[in-house]
Amino acid sequence: QTALEGVDPERADVPLAEIPAPVLAAPRAEPSLEQRPEALQHYDAARELVADGQFEKAIIELDAALDLGGTTYDVLYLLAQAKQRLGRLGEARLAAEQAAAYRPAAADVAYLLGRLSQQSGRPEDAIGPFRTATRAAEHEPGNPRVAAAWFELGQALAAAGYLRAATEAY
């Protein structure tokens with residue numbers, strides 16, 4: 001067995017089971033968007049705009065929803081996605097972290113946080129969110145981001161030098 005150049009052999013041999021999963025905070029109480037019809041209208045408009053690729057306009061609608069008390073997981077998660085698509089990674093991360101406060105074990109927002117870390121050139125920071133997304137399989141069995149998170153977790157582990165763990169994730 002030969003060591004790869006620049007890879008710590010001890011780190012390279014760490015199994016996935018020894019990579020600690022993040023400890024998730026308890027979810028915050030989430031207000032109901034349906035109880036705020038004006039905010040819901042802005043959210044629905046933003047969803048259509050995102051589907052049409054009009055991310056700047058969607059952000060305006062989502063900001064209006066937030067101003068009207070629509071601070072919910074769905075609004076913040078969609079805001080994070082729109083900002084990510086525009087390359088506003090720091091703002092996207094902030095919105096995604098706020099969304100995760102409401103649903104810390106949700107695969108979608110965990111996957112997005114992992115992708116944001118990767119896009120920001122921090123693959124090691126992506127490991128925790130991708131682990132969270134993969135663990136969501138128990139309560140979100142049909143979510144395609146769970147399967148994608150396994151692949152992305154393998155990529156992040158390999159980039160961080162955890163080669164054995166990466167092969168186990170793949």
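This chain uses plain numbering: 1 for the first residue, then up along the sequence.
Checking side-chain atoms of His42 against main-chain N and O of Leu68 turns up no donor-acceptor pair under 3.5 Å. Between the side chain of Glu140 and the backbone N or O of Ala107 there is at least one donor-acceptor pair closer than 3.5 Å. Using modelled atom types, no side-chain atom of Asp52 and backbone atom of Gln54 make a donor-acceptor pair closer than 3.5 Å. A donor-acceptor contact shorter than 3.5 Å links the side chain of Thr134 to the backbone of Arg131.
The hydrophobic clustering, which links ILVMFWY residues whose side-chain heavy atoms are closer than 4.5 Å, places Leu112 and Val75 together. Under a hydrophobic clustering in which Ile, Leu, Val, Met, Phe, Trp and Tyr are joined whenever their side-chain heavy atoms come within less than 4.5 Å, directly or via other members, Leu49 and Leu78 fall into different clusters.
Residues Pro104 and Ala25 come closest through the heavy atom pair CG-O, 3.1 Å. Considering every non-hydrogen atom in both Ala126 and Gln118, the closest pair reads CB-CG, 3.8 Å. Closest heavy-atom contact between Leu113 and Ala96: CD2-CB, 3.6 Å. Taking both residues in full, the closest heavy atoms of Pro31 and Arg36 are given as CB-NH1, 3.5 Å, listed atom of the first, atom of the second, then distance. Counting all heavy atoms, side chain and backbone alike, Tyr77 lies closest to Ala99 at N-CB, 3.8 Å. For the residue pair Gly70 and Leu33, the shortest heavy atom distance occurs at CA-CD1, 3.8 Å.
Within 6.0 Å of CZ on Arg85 lie no more than 12 heavy atoms contributed by other residues, nucleotides or ligands. Heavy atoms of other residues, nucleotides or ligands lying less than 6.0 angstrom from CD of Gln119 number more than 12.
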> So Leu62 and Leu76, side-chain contact (heavy atoms from CB on, under 4.5 Å) or not? Walk me through it.
Replying inline: CA-CA 8 Å; Leu62 292 164; Leu76 291 165; over 6 Å; no
Test salt bridge (charged side-chain N to carboxylate O under 4.0 Å, His left out) on Lys57 and Glu61 and set out the steps. CA-CA 6 Å; Lys57 289 180 181 178; Glu61 292 291 339; over 6 Å; no
* To do: Take Asp63 and Leu79 through the side-chain contact (heavy atoms from CB on, under 4.5 Å) test and state the conclusion after the steps.
  => CA-CA 8 Å; Asp63 284 341; Leu79 182 63; 4.2 Å; yes
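Taken to the nearest 0.5 Å, the CZ atom of Arg11 stands 13.0 Å off from the CG atom of Asp13. Annotation: the span from Glu34 atom CD to Thr72 atom OG1 amounts to 8.5 Å, rounded to 0.5 Å. Considering CD of Gln81 and CG of Leu86, their distance stands at 12.0 Å, rounded to 0.5 Å. Residue Leu94 holds its CG atom at 11.0 Å from CG of Leu116, rounded to the nearest 0.5 Å. For the atom pair Glu56 CD and Arg88 CZ, the distance stands at 5.0 Å (nearest 0.5 Å). We find the CG-OG1 distance between Leu66 and Thr71 to be 5.0 Å, quoted to the nearest 0.5 Å.
Taking the charged nitrogens against the carboxylate oxygens, Glu97 and Arg93 do have a contact shorter than 4.0 Å, which makes a salt bridge. Salt-bridge formation is detected for the pair Asp125/Arg122: a Lys NZ or Arg NE/NH1/NH2 atom is positioned less than 4.0 Å from an Asp or Glu carboxylate oxygen.
A search for side-chain contact (heavy atoms from CB on, under 4.5 Å) contacts involving Ala82 returns Val50, Phe55, Ile59, not counting sequence neighbours.
Counting heavy atoms from C-beta outward, Ile127 and Tyr162 have side chains that approach closer than 4.5 Å. Residues Leu89 and Gln84 meet the side-chain proximity criterion, which asks for heavy atoms closer than 4.5 Å. The closest side-chain heavy-atom distance from Pro123 to Gln155 is not below 4.5 Å. A 4.5 Å side-chain heavy-atom check between Leu40 and Tyr43 finds at least one atom pair inside the cut-off.
Grouped by direct or indirect side-chain proximity (heavy atoms under 4.5 Å, Ile/Leu/Val/Met/Phe/Trp/Tyr only), Tyr170 sits with Phe151.
Across Arg103, Arg115, Arg145, a single residue satisfies salt bridge (charged side-chain N to carboxylate O under 4.0 Å, His left out) together with Asp108, and that is Arg145.
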